[in-house]
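Here the structure is laid out as structure tokens; the discussion comes afterwards.
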Amino acid sequence: MKLTTRIEKPFFRRDVLELAPALLGMQLVVAGPGREPVRYAISETEAYRGVEDLACHVSKGRTGRTEIMYSEGGVLYVYLIYGMHWMLNIVTGMAEQPQAVLIRGVGGISGPGRLTRALGIDKSFNAEDLTASERIWLEDSPGNSRFIATPRIGVDYAGPVWKEKPWRFVAV
DNA sequence: GTAACGATCCTC
DNA sequence: AGGATCGTTACA
């Protein structure tokens with residue numbers, strides 16, 4: 001009997017508002033070439049939900065960068081922000097239903113830009129499939145599922161309705 | 001080709 | 001409070 005198993009496709013097909021809090025406490029596993037996998041417990045996430053969500057990149061249109069978000073859930077959306085920080089997102093939901101979860105904190109590392117730097121995640125991880133990749137995947141972890149929900153960070157430009165949605169989830 | 005803009009982080 | 005720093009995007 002395995003103690004840990006890779007999370008498979010059906011898990012990621014759910015709505016982002018259900019999946020973002022469900023990711024808290026799960027293990028993000030990163031395996032470098034010739035190195036043992038390292039596990040990081042996810043501690044903070046944010047949901048970005050569809051073209052109507054003015055904080056979500058797809059609300060600006062379907063472009064080359066955001067095309068990956070239209071995939072079925074389970075692949076990564078990685079993009080550069082402020083010219084220096086890679087943002088790690090997990091695409092969720094069904095195909096043609098563009099949503100993603102921004103991973104804002106793992107394993108005591110706070111901040112989406114800091115965690116990608118610490119884990120060595122960059123543009124080469126964009127479109128990577130968490131259910132098939134040899135270098136990054138997700139595992140379940142028994143334990144605490146308590147969390148709080150707050151407004152998302154850094155999305156004031158989205159206007160009052162969308163910036164105030166309590167779609168940031170922090171494990172407590 | 002040009003210009004504007006960030007789902008951030010660090011230093012002052 | 002302000003600067004770093006550059007890919008993506010829209011527009012000419």
Side-chain angles (χ1 to χ4, degrees), chain A residues 11-26 28 30 38 40-130 133 135-136 138 147-172:
Chain A
F11 175 80
F12 299 102
R13 295 194 183 112
R14 288 181 286 158
D15 189 276
V16 68
L17 291 181
E18 187 180 335
L19 210 134
L23 287 170
L24 297 172
M26 298 185 79
L28 181 65
V30 180
V38 184
Y40 303 87
I42 297 174
S43 59
E44 183 178 340
T45 61
E46 255 175 22
Y48 289 86
R49 188 170 186 269
V51 294
E52 64 174 9
D53 176 6
L54 297 185
C56 185
H57 288 165
V58 295
S59 70
K60 304 290 192 297
R62 185 169 181 162
T63 67
R65 182 179 62 152
T66 60
E67 183 62 30
I68 190 64
M69 271 210 249
Y70 288 81
S71 305
E72 184 178 64
V75 297
L76 299 183
Y77 168 42
V78 179
Y79 68 91
L80 185 71
I81 191 67
Y82 300 118
M84 60 187 92
H85 302 297
W86 295 104
M87 298 289 104
L88 171 63
N89 297 255
I90 300 175
V91 174
T92 69
M94 307 303 288
E96 301 300 314
Q97 180 187 21
Q99 315 180 327
V101 178
L102 171 65
I103 308 301
R104 294 192 61 90
V106 298
I109 304 168
S110 183
R114 296 186 66 203
L115 81 86
T116 53
R117 193 170 48 139
L119 274 54
I121 290 167
D122 60 18
K123 186 176 182 64
S124 74
F125 283 75
N126 189 45
E128 194 90 353
D129 186 350
L130 280 182
S133 174
R135 56 179 178 161
I136 187 166
L138 200 63
F147 65 90
I148 58 169
T150 81
R152 295 173 289 183
I153 304 297
V155 295
D156 289 358
Y157 64 86
V161 170
W162 296 100
K163 82 176 188 187
E164 289 165 13
K165 296 280 186 192
W167 289 357
R168 169 175 174 251
F169 305 97
V170 185
V172 296

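So you know, we letter chains A, B, ... as the sequences are listed, proteins then strands, and number each from 1. These numbers come from the heavy atoms of this one structure, side chains and all, not from hydrogens, waters or symmetry mates. Note that the structure is predicted; figures quoted are calculated from it, not measured.
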How many whole angstroms separate atom [atom1] of [X] from atom [atom2] of [N]?
| X | N | atom1 | atom2 | value |
| --- | --- | --- | --- | --- |
| A:W167 | B:dA7 | CH2 | C1' | 14 Å |
| A:Y157 | B:dG6 | OH | C1' | 8 Å |
| A:R65 | B:dG6 | CZ | P | 11 Å |
| A:E44 | B:dT8 | CD | C1' | 13 Å |

Name every residue in [range] that has at least one heavy atom under 4.0 Å from any atom of DNA chain B, in order of residue number, or write none if there are no such residues.
| range | result |
| --- | --- |
| residues 54-61 of chain A | A:A55, A:H57 |
| residues 109-120 of chain A | A:G111, A:P112, A:G113, A:R114, A:R117 |
| residues 79-97 of chain A | A:Y79, A:I81, A:Y82, A:G83, A:H85, A:M87, A:N89 |

Please find the earliest and latest nucleotides of DNA chain C, in the 5' to 3' direction, that have an atom within less than 4.0 Å of any heavy atom of chain A. C:dA4 to C:dA10
Does any non-hydrogen side-chain atom of [Y] lie less than 4.5 Å from one of [X]?
| X | Y | value |
| --- | --- | --- |
| A:T45 | A:F147 | no |
| A:Y48 | A:L102 | yes |
| A:V16 | A:L19 | no |
| A:L76 | A:I90 | yes |
| A:I136 | A:L130 | yes |

Please confirm whether the backbone N or O of A:S110 pairs with a side-chain atom of A:E44, one donor and one acceptor, at under 3.5 Å? no
Side chain A:T116, main chain A:W86, donor-acceptor under 3.5 Å: yes
Would you say that more than 12 heavy atoms from the other residues, nucleotides or ligands in this model lie under 6.0 Å from the CZ of A:R117, or not? no
Spacing of A:E72 atom CD and A:T92 atom OG1 [to the nearest 0.5 Å]: 11.0 Å
Just how far is it from atom CH2 of A:W167 to atom OG1 of A:T150, taken to the nearest 0.5 Å? 13.0 Å
Let me see the working for A:R168 and A:I153 under side-chain contact (heavy atoms from CB on, under 4.5 Å), right down to the final yes or no. CA-CA 8 Å; A:R168 169 175 174 251; A:I153 304 297; 3.7 Å; yes
Could you go through the side-chain contact (heavy atoms from CB on, under 4.5 Å) check for A:L54 and A:Y157 one step at a time? CA-CA 8 Å; A:L54 297 185; A:Y157 64 86; over 6 Å; no
The salt bridge (charged side-chain N to carboxylate O under 4.0 Å, His left out) partners of A:R14 (sequence neighbours excluded) come to A:E18
Candidate pair A:Y77 and A:H57, rule side-chain contact (heavy atoms from CB on, under 4.5 Å), full reasoning: CA-CA 11 Å; A:Y77 168 42; A:H57 288 165; 2.7 Å; yes
Looking at A:K165, A:R152, A:K163, which one forms a salt bridge (Lys or Arg N to Asp or Glu O under 4.0 Å) with A:D53? A:R152
Paired stems touching DNA chain B, three or more consecutive Watson-Crick or G-U pairs with both distances under 3.5 Å? B:1-6 with C:6-11, B:8-11 with C:1-4
